[in-house]
Engineer: 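First the structure, which I've put down as structure tokens, then a few questions once you've had a look.
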Amino acid sequence: MNHIIVDLEATCWKSWKLRNAMEIIEIGAVKLSADLEELAMFGRFVKPVIHPQLSSFCTKLTSITQEEVDKAAGFSAVFSEFMAWVGPEPYYWYSWGDFDCKQFGKDLAYHQLAWPERETHYTNLKYLFADQRDLPKPVGMMKALRMLEIEFSGRHHRGIDDAKHIAQIAKIVLKGKG
Ligand code: AMP
Ligand code: MG
């Protein structure tokens with residue numbers, strides 16, 4: 001079983017009122033082998049269609065620019081490229097929190113696509129991390145990294161950089177899973 005660690009970025013606004021209109025603008029992912037060796041990385045921007053214009057809040061948060069999403073392919077094309085990158089091997093997939101799983105569901109539904117038939121087991125690493133360490137409540141990715149004394153390098157809120165660091169946490173958590 002490979003392990004696929006995913007982090008999505010999405011259109012956003014200062015107000016969460018528009019959260020139902022959020023769309024994926026970046027898919028970042030890391031593929032680990034069954035023995036937790038890093039096999040490959042995936043990072044693609046996605047062109048949003050509901051609100052094609054990024055808010056300045058979104059660009060500030062993620063550092064993703066209007067030009068980068070304008071040049072990007074749409075969700076359907078990037079998602080099939082992503083699934084091709086995931087490859088034919090069986091896999092489990094993971095993210096930090098339930099946002100990514102939910103947002104994938106929303107974008108797939110909006111584009112009238114189904115979850116891939118071979119969609120396999122999903123684990124929310126945020127909860128697994130909290131369970132393993134008996135934390136009183138789940139913590140954010142940055143706090144988990146500080147607890148593990150892993151320094152963040154790159155840009156927080158960029159899918160590819162977040163995915164790389166969540167993969168580092170995943171390696172530790174999955175080793176401890178026994
Ligand atoms: P993250 O993986 O933490 O970078 O967050 C994923 C997505 O959630 C971002 O691309 C934003 O769309 C949204 N998001 C994260 N933090 C905030 C925030 N403080 N305010 C509004 N949206 C946010
Ligand atoms: Mg992120």
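We count ligands from 1, going down the list as the structure has it; atoms in each ligand are counted the same way.
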Engineer: With the Mg ion (ligand 2) as the reference point, give the N/O/S atom of Glu9 that is nearest.
Structural biologist: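 When I compare the N, O and S atoms of Glu9, OE2 is nearest to the Mg ion (ligand 2).
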Engineer: Within 2.8 Å of the Mg ion (ligand 2), is there any N, O or S atom belonging to Glu26?
Structural biologist: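 Within the cut-off used here (under 2.8 Å), Glu26 places no N, O or S atom near the Mg ion (ligand 2).
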Engineer: Number the atoms of ligand 1 from 1 as they appear, then name those within less than 4.0 Å of a heavy atom of Cys12, with their elements.
Structural biologist: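 Within the 4.0 Å cut-off of Cys12, ligand 1 contributes 11 (C), 12 (O), 22 (N).
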Engineer: Any side-chain heavy-atom pair from Phe104 and Phe75 closer than 4.5 angstrom?
Structural biologist: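 Side-chain contact under 4.5 Å: yes.
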Engineer: Just to be sure I'm reading this right: ignoring hydrogens, which of Ile24, Asp162, Leu61, Leu8 gets closest to atom 14 (N) of ligand 1? Compare them by their nearest heavy atoms.
Structural biologist: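 That would be Leu61.
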Engineer: Give the numbers and elements of all ligand 1 atoms closer than 4.0 Å to a heavy atom of Thr11.
Structural biologist: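 Listed by number with element: 12 (O).
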Engineer: Would you mind listing which atoms of ligand 1 come within a distance below 4.0 Å of any non-hydrogen atom of Asp7?
Structural biologist: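 The list of qualifying atoms is 2 (O).
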Engineer: Would you mind running through ligand 1 and noting each atom that sits below 4.0 Å from a heavy atom of Thr62?
Structural biologist: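 Near Thr62, the atoms of ligand 1 are 10 (O).
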Engineer: Taking atom types as modelled, is there a side-chain donor on Tyr94 or His3 under 3.5 Å from an acceptor on the other?
Structural biologist: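 Checked: Tyr94/His3 side chains pair up, N/O donor to acceptor below 3.5 Å.
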Engineer: How far is atom 12 (O) of ligand 1 from its nearest protein heavy atom, and which residue and atom is that?
Structural biologist: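 For this ligand atom, the closest protein heavy atom is Ala10 O, 2.8 Å.
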Engineer: On the 0 to 90° scale, with breaks at 30° and 60°, tag the Trp13-His51 ring pair as parallel, tilted or perpendicular.
Structural biologist: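 Perpendicular: the ring planes of Trp13 and His51 meet at over 60°.
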Engineer: Leu54, Leu18: one ILVMFWY side-chain cluster at the under-4.5 Å cut-off?
Structural biologist: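 No.
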Engineer: Is there a continuous path of hydrophobic side-chain contacts, each under 4.5 Å between heavy atoms, that joins Met83 to Tyr110?
Structural biologist: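 No; Tyr110 is not reachable from Met83 via cluster members.
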Engineer: With the Mg ion (ligand 2) at the center, what angle do OD2 from Asp7 and OD2 from Asp162 span, rounded to 10 degrees?
Structural biologist: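 Seen from the Mg ion (ligand 2), OD2 and OD2 are separated by roughly 110°.
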Engineer: Name the orientation class of the two ring planes belonging to Trp93 and Tyr122 (parallel below 30°, tilted from 30 to 60°, perpendicular beyond 60°).
Structural biologist: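 Tilted.
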Engineer: Please determine if Arg158 and Glu26 form a salt bridge, counting it only when a charged side-chain N lies under 4.0 Å from a carboxylate O.
Structural biologist: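 Salt bridge present between Arg158 and Glu26.
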Engineer: Looking only at protein heavy atoms, which one is nearest to atom 8 (O) of ligand 1, and what is the separation?
Structural biologist: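 Of the protein heavy atoms, Phe99 CZ, 3.9 Å lies nearest.
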Engineer: Hey, looking at atom 13 (C) of ligand 1, which of Glu23, Glu9, Met22 has the closest heavy atom?
Structural biologist: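 The option holding the nearest heavy atom is Met22.
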Engineer: Is Val46 close to Val69 at the side-chain level, that is, under 4.5 Å between some pair of heavy atoms?
Structural biologist: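 Not touching, per the 4.5 Å side-chain cut-off.
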Engineer: Could you find the nearest protein heavy atom to atom 22 (N) of ligand 1 and give me its residue, atom name and distance?
Structural biologist: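 Atom 22 (N) of ligand 1 sits closest to the protein heavy atom Trp16 CH2, 3.3 Å.
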Engineer: Which protein non-hydrogen atom lies closest to atom 1 (P) of ligand 1, naming both residue and atom, and how far is it?
Structural biologist: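 Looking only at protein heavy atoms, the one closest to atom 1 (P) of ligand 1 is His157 ND1, 3.4 Å.
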Engineer: Numbering the atoms of ligand 1 from 1, which are under 4.0 Å from a heavy atom of Phe57?
Structural biologist: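 This gives 20 (N), 21 (C) as the contact atoms.
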Engineer: Could you walk me through whether Asp161 and His156 pass the side chain to side chain donor-acceptor pair (under 3.5 Å) test, one step at a time?
Structural biologist: CA-CA 7 Å; Asp161 290 338; His156 182 28; over 6 Å; no
